[in-house]
Structures are given as C-alpha cells and as structure tokens.
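Have a look at the structure below before the remarks.
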Amino acid sequence: MHVLVTGGTGIIGSLTGRTLAGRGHRVRLLDVAPDPVALARNGGQTGDVEVVPGDVLSFGDVGAAARDVDVIVHLAYSLGEATNRRPYAATQLNVQGTATVLEAARLFGVQRVVLASSIAVYGADGAYAPAELPLTEDAAPYLAAGMPLYGAGKLYLEQLARVYRSTHDLLCVGIRPSPVYGPGGVRGVSGWLSGAIEGAATGRTVTVGRGDARMSLVHVEDVAEQLVRLVELDAAAFGDRHFFNTGGDATTMRELAALVREIVPEARFEVTSDGERDVAGLATQVSGRALGELIGYERRYDLASGLRAHIEATRPPA
Ligand SMILES: NC(=O)c1ccc[n+]([C@@H]2O[C@H](COP(=O)([O-])OP(=O)(O)OC[C@H]3O[C@@H](n4cnc5c(N)ncnc54)[C@H](O)[C@@H]3O)[C@@H](O)[C@H]2O)c1
C-alpha cells in the first residue's frame, strides 16, 4: 500500500513510517517542519520513505501529498500546554487541519484514514463510576468542564471522522493513545517524559514535578504497531466501530523514577509533588482489550521493559 503520514516526523509518525516501510509499504511523511533527528533515528529518507515538507492547513499541500495514496495516517496536531496558550493556532491545526485531511482523502479517493485521537476524550477517571474502570470504548466521552482544548479538539476530530464515514463512506478509524513514551519525545507529555527519562539516563540530575500524579503510559513502538495494523486490517473487521484505546500501564513519576534507577543506578531524580492526582486531567485507567482483540496484537512492552528499551536506545555508548 502507499501510505501518507501527516505529522510524519514527530515521535509517533517517524516510527510509524519506519514500521510501515519495514512491512513493504510505500511511505510518504508530510510535516510542516521535518525533523532530521527523528528521521535519522528511524532510518532516514530511503527509497520507501519519502519526506514532503507541507502544512495540513494547506489544501494544496495535502492534496498533492494525498493524490496517489491508499491510506492516510493523520497525526499532525498541537500538543500539550501550547494548545491552550495559543487557542487560535491550535484550533486551526487540530480542527481545520483534520477537516482538510479528511476532505482531501474524500476528493482524491483515499480508501481509509487512520487518526490519532487520545484518552483525553474521557477526562479524568473520577467522572466515571468505579464499575466503569478501567475505561473501555463503551464509556461515553464527554466535554469535561475545564478540559484542555487538546482533548476538546480530539472530541471534534472523532466526530468529524464519524461524519465522513457515514456521509461519504470514507473508512475513518483510529486510536485513543495513552501518553506515549519512547526515544525523542519533544512536545506535550511525551516531551516531559523524554526530558526526565533521557536526562536521568545520560547523567543529568532531573528535577521533575507532579510526582504523585497517576498516569497511563504506552511505549511508542506499541503505538506504531497498533497504527500499522489498523492500516492493514481488513475493512470489514471494523464493523461500526471507530476509535480504540491503546491501553497503557498506570504509574506515577515517582514510581517511574524508581524503575529508571533500577536500570541506571547512577540516575538522579529530584521528584516533587503538589498533590496532583493526574496529569493534565487525563484518565489513568483505560483498557486496550478491544483493540488487542481486533488487530491480534498485545502490547509488547510493560513499563519496566519499555523503559529499558527507551534508555538503551538513547543512552550514549559507555
Ligand atoms: N505523544 C503522546 O503522548 C500522544 C498521546 C495521545 C495522542 N497523541 C496524538 O498522536 C499524534 C502524534 O503525536 P506525536 O506525539 O507524534 O506529536 P509530535 O509533536 O511529536 O509530532 C507532531 C508532528 O506534527 C507536525 N506538524 C505540526 N503542525 C503541522 C502542520 N500544520 N502540518 C503538518 N505537520 C505539522 C510537527 O512538526 C510534528 O513533527 C497527535 O495527533 C497527538 O495528539 C499523542
């Protein structure tokens, strides 16, 4: 298949591109600011991976990139606190950018769009009855009071995907990842985690807050594999389902620091806490079972093995 990945040189996109190419697909990565470091980490631009500078807000850029592809993996989005700090720009990218990608897919006869939503659509665990935890796709997402625009945009993204599927018969499906860790996180929670994990593993003393806030984490390799399997899955297998939790391992930064120290005994953390219960209002107990059963893939990494892989991939040689 020929697959276009928007936001293609971010932490998830660059690894998704490499995984797709490794499975024999032709890959085009569209990114407004292609990141040479992320590309180099994931094999660079080879015959099967083409990098196209372009903006998902430009119909011309997206149309040119989508013209001859079978599937689009849409990842470009504004992450983290930048979303609330710059609401106009974030709305453009997260809402208009998604609409531009879906409209281009429709006009150019793309067969499928695989989108990244987020567990942010749930708000925090506390809004659900204990019997509903861990949250499955049956739990109703909602616009929680105080929900960052990041999550509100994901609710709209999911609804746009549903409408394009029902109105235009364009297969739109996707994942709701837990916060992602792995080599090269720059923005949002991934940037915060990479700063802490890679900083400590490379000998810096890392000062990190929100130490007792719970969070659900998933390794980037598992997310890339889940996306690739959604690209490849037989269309009939989805039925009327759209978005699936990736699942994740619940932890805190304090627990994560202890795990990092088991792998790198010389790692130094100063962990502080203001008593936060969660990170950015995100749910912490989510089930990835439905996705696992759909695509026939159980996450390869638990937190201990995922942190070890992350550290081994980023630690300078001794
Ligand atoms: N990382 C996480 O913890 C996490 C968790 C849940 C969902 N997600 C979702 O997964 C997707 C990918 O996230 P990521 O962590 O790889 O993000 P990232 O910030 O690492 O990558 C996003 C990429 O999009 C590009 N981009 C930004 N504006 C663009 C534009 N106008 N046109 C084209 N490209 C543009 C950026 O240059 C960047 O390379 C996002 O939709 C994000 O919301 C991420």
Side-chain angles (χ1 to χ4, degrees), residues 4-18 28-39 41-42 51-62 64-66 72-83 86 89-101 104 113-122 148-158 161 174-194 215-224 226-227 230 243-248 279-280 282-283 286 288 306:
L4 169 67
V5 183
T6 73
T9 70
I11 177 176
I12 299 174
S14 53
L15 186 58
T16 302
R18 184 181 82 184
R28 180 175 293 149
L29 306 178
L30 178 82
D31 204 298
V32 76
D35 178 351
V37 178
L39 275 175
R41 189 174 51 245
N42 289 300
V51 180
V52 179
D55 190 337
V56 293
L57 287 171
S58 156
F59 200 87
D61 288 355
V62 179
I72 300 177
V73 178
H74 175 48
L75 303 178
Y77 202 83
S78 168
L79 276 85
E81 287 159 9
T83 312
R86 301 180 61 220
T91 303
Q92 291 281 305
L93 173 54
N94 297 350
V95 177
Q96 186 60 46
T98 300
T100 302
V101 168
V113 183
V114 177
L115 302 99
S117 179
S118 164
I119 63 164
V121 296
Y122 291 117
L149 288 178
Y150 177 86
K154 291 299 189 189
L155 285 170
Y156 195 85
L157 171 148
E158 289 198 5
I175 54 172
R176 292 174 177 162
S178 292
V180 173
Y181 69 101
V186 179
R187 287 161 286 268
V189 180
S190 297
W192 180 60
L193 293 165
S194 271
M215 53 191 170
S216 164
L217 300 184
V218 61
H219 192 278
V220 66
E221 277 183 40
D222 282 323
V223 173
Q226 290 166 331
L227 284 168
L230 290 183
F243 285 89
F244 301 87
N245 300 332
T246 60
V279 173
L282 295 172
V286 286

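Small disclaimer: the values here were computed from a predicted structure and weren't measured. We count ligands from 1, going down the list as the structure has it; atoms in each ligand are counted the same way. Hydrogens, waters and symmetry mates are skipped; everything else that's a heavy atom, side chains included, is used.
Using a non-hydrogen distance threshold of 4.0 Å, D35 does not register as a contact of ligand 1. Ligand 1 lies less than 4.0 angstrom from a heavy atom belonging to Y150. Under a 4.0 angstrom heavy-atom cut-off, S178 registers as being in contact with ligand 1. Ligand 1 has P179 within reach: a non-hydrogen atom of the residue lies less than 4.0 Å from it. At least one heavy atom of K154 sits less than 4.0 Å from an atom of ligand 1. The shortest heavy-atom distance from G54 to ligand 1 is under 4.0 Å. Taking 4.0 Å as the cut-off, S117 counts as a neighbour of ligand 1 on heavy-atom distance. The shortest heavy-atom distance from L79 to ligand 1 is under 4.0 Å. Residue-ligand proximity: V186 is placed with every non-hydrogen atom at 4.0 Å or more from ligand 1.
Of the protein's heavy atoms, D31 OD1, 2.5 Å lies nearest to atom 37 (O) of ligand 1. At the top of the distance list for atom 32 (N) of ligand 1, counting protein heavy atoms only, stands V56 N, 2.9 Å. Atom 19 (O) of ligand 1 has as its closest protein heavy atom R187 NE, 2.5 Å. Regarding atom 24 (O) of ligand 1, its nearest protein heavy-atom neighbour is G7 CA, 3.2 Å. The single protein non-hydrogen atom nearest to atom 21 (O) of ligand 1 is G10 CA, 3.2 Å, given as residue, atom name and distance. With hydrogens left out, the protein atom closest to atom 13 (O) of ligand 1 is I12 CD1, 3.8 Å, a heavy atom. Ranking the protein heavy atoms by distance from atom 4 (C) of ligand 1 puts V180 CG2, 3.9 Å first.
Checked against a 3.5 angstrom limit, the closest N/O atoms of V32 and ligand 1 fall inside it. Polar contact check, A76 against ligand 1: no nitrogen or oxygen pair lies under 3.5 Å apart. Considering backbone and side-chain N/O of Y77, none are found under 3.5 Å from N/O of ligand 1. Residue contacts with ligand 1: L30 is placed with no nitrogen or oxygen under 3.5 Å of a nitrogen or oxygen of the ligand (distance criterion only).
By the side chain to side chain contact (heavy atoms under 4.5 Å, CB included) test, L230 pairs with V114, I175, F238, L291, L294, I295, sequence neighbours left out. The side chain to side chain donor-acceptor pair (under 3.5 Å) test applied to S118 returns no partner, not counting sequence neighbours.
By heavy-atom distance, the residue among V220, I11, I119, T9 lying nearest atom 14 (P) of ligand 1 is I11. Closest to atom 40 (C) of ligand 1 by heavy atom, among L75, V121, V218, L227, is L75.
Judged by distance alone, the side chain of Y77 and the main-chain N or O of G7 form no donor-acceptor pair under 3.5 Å. Judged by distance alone, with hydrogens and angles left aside, the side-chain atoms of T246 form no donor-acceptor pair with the main-chain N or O of V223 at under 3.5 Å. S190 places no side-chain N or O within 3.5 Å of a backbone atom of Y181 that could act as its donor or acceptor partner. A side-chain donor-acceptor contact under 3.5 Å links S178 to the backbone of G247. A donor-acceptor pair under 3.5 Å links the side-chain atoms of S194 to the main chain of G182, judged by distance alone. Here the side chain of R187 pairs no donor or acceptor atom with the backbone of G80 at under 3.5 angstrom. Of the possible donor and acceptor atoms, one in the side chain of T83 sits under 3.5 Å from a partner among the backbone N and O of S78.
Among the candidates L93, V95, N94, the single residue satisfying the side-chain contact (heavy atoms from CB on, under 4.5 Å) test with T91 is V95. Evaluated for a side-chain hydrogen bond (donor to acceptor under 3.5 Å, both in side chains) with T9, the options D35, D31, N42 yield exactly one hit, D31.
Here the closest heavy-atom approach between residue L75 and residue T6 is recorded as N-OG1, 2.8 Å.
At most 12 non-hydrogen atoms from other residues, nucleotides or ligands lie less than 6.0 angstrom from OH of Y156.
To the nearest 0.5 Å, atoms CD (E221) and CZ (R18) are separated by 6.5 Å.
For R176, no heavy-atom contact with ligand 1 is shorter than 4.0 Å. At a heavy-atom distance under 4.0 Å, only side-chain atoms of L93, from C-beta outward, approach ligand 1.
Distances below 4.0 Å separate heavy atoms of D55 from the following atoms of ligand 1: 30 (C), 31 (N), 32 (N). Near S190, meaning under 4.0 Å from one of its heavy atoms, ligand 1 places the atoms 1 (N), 2 (C), 3 (O).
E158 and S117 form a side-chain donor-acceptor contact under 3.5 Å, judged by distance and modelled atom types alone.
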